[in-house]
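Presented below is the structure to which this report refers.
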Amino acid sequence: EAKSGRTDLIFLIRFRHCCLLRNQRCVLAYLYDRLLRIRALRWECGSVLPNAVQFHMSAEEVEWFNRYKKSLATYMRSVGGEEGLDLTQDIKPPKSLYIEVRCLRDYGEFEIDDGTTILLKKNSQHFLPRWKCEQLIRQGVLEHILS
Amino acid sequence: MAEAYFPVGPGLGPEENFLSLDDILMSQEKLPGRAESALPRLAFALGQGAGPGDSLPEGSKLEIPLWLAKGLHDSKRRIISVELPKVYKEAWRTVFSADANVVDLHKMGPYYYGFGSQLLNFDNTENPQIAQSILQASTFVSRFRRIMDSSQNAYNEDTSALVARLDELERALFRAGQKGLNDFQCWEKGQASQITASSLAQNYGKRKFTEVDV
């Protein structure tokens, strides 16, 4: 009788095990998806994350992000000769050195390479070097205008 | 074009991708089955008992999700035996071979192809090879032509009418086709070199994140 009781309960144990595995799978897939999105953040927002995003990340995720940043930086330094190659720039093929941009919101002062500062106010238009503006355009501060 | 987020896609064929969110949703779909032996104390969990101590009598009909069916199924069929859902049976197969384009596959379970591939794992159907030929020959191939055509020719239109009758795999194909079309049009207009704001930055502007003082 004890034996039959035991074999009966095998089904129950198996059922519970299935449920546990299912929960584990869902949790793992969720966490992995979060990491994939955090990785995408490095390519879209650059190496400094906005505070609001960072607030929603766990400590381990911030740690993971920092380590990914470091890996990426090491790789970029090793590629492309002396100073390395910044892969996060020029995501779209560049056509010219200087581009026309319009400011979408008030940003403040912005300094370019030859030392002059430009005041970025809403709706002002400027003609600026491409590599300085790329970050700001991706963040939505500036808008690239095609002539 | 500048998207950096690459989620894990659904698995192809009889293997699911463990980390794929699409596969997890797909394996939640229910499957009809029978309890092969009396299952003690499971009645409550499976929604059929009055109290937590009841056991399911042998032979009772169950609707269980795919992940549970895969876990409890073994070749000797001691616990659960599964049956094919209606959509994969003989009657529907003849409908598909007649004309596959008119069927609303989204209603038949939004993961028709994925779920069908998973059913091939349970080798207790009389002819899995027929099921396989349905997935290949009649349904998928004949519908594919229509999907490809419509995705490549619907530019800047409301595509909800076209997409409503497709299941998830077909919708992914449709979206890929649309993306290709949009990218090409963008290139033709000379916008391929225009730097755009990242999608995250755009969402960030629209949503109100709670302001944090760090």
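All values below come from the heavy atoms of this structure, side chains included, with hydrogens, waters and symmetry mates left out. Every chain is numbered from 1, with letters handed out A, B, ... down the list of sequences.
- Under the 4.0 Å criterion applied to side-chain N and carboxylate O atoms, Arg34(A) and Glu61(A) are assigned as salt-bridge partners.
- Interface remark: Ser27(B) contributes backbone and side-chain atoms alike to the contact with chain A (heavy atom separation under 4.5 Å).
- The CZ atom of Arg175(B) lies 12.0 Å from the CD atom of Glu170(B); values are rounded to the nearest 0.5 Å.
- Interface remark: Arg16(A) contributes no atoms to any contact with chain B (heavy atom separation under 4.5 Å).
- The existence of a salt bridge linking Lys30(B) and Glu63(B) is excluded, since no basic side-chain nitrogen approaches an acidic carboxylate oxygen closer than 4.0 Å.
- The contact between Asn17(B) and chain A is made entirely by backbone atoms, counting heavy-atom distances below 4.5 Å.
- Note that OG of Ser150(B) is 8.0 Å distant from CD of Gln178(B), once rounded to the nearest 0.5 Å.
- Within the 4.5 angstrom heavy-atom criterion, only side-chain atoms of Ile99(A), from C-beta onward, approach chain B.
- In this structure, Arg42(A) is not positioned above the aromatic face of Phe65(A) in the sense of NZ or CZ being under 6.0 Å from the six-membered ring centre and within 45° of the axis.
- For Ile24(B), the parts lying near chain A are the backbone and the side chain together; criterion is any non-hydrogen pair under 4.5 Å.
- Ranked by heavy-atom pairs under 4.5 Å with chain B, the first of Arg22(A), Arg14(A), Gln54(A) is Arg22(A).
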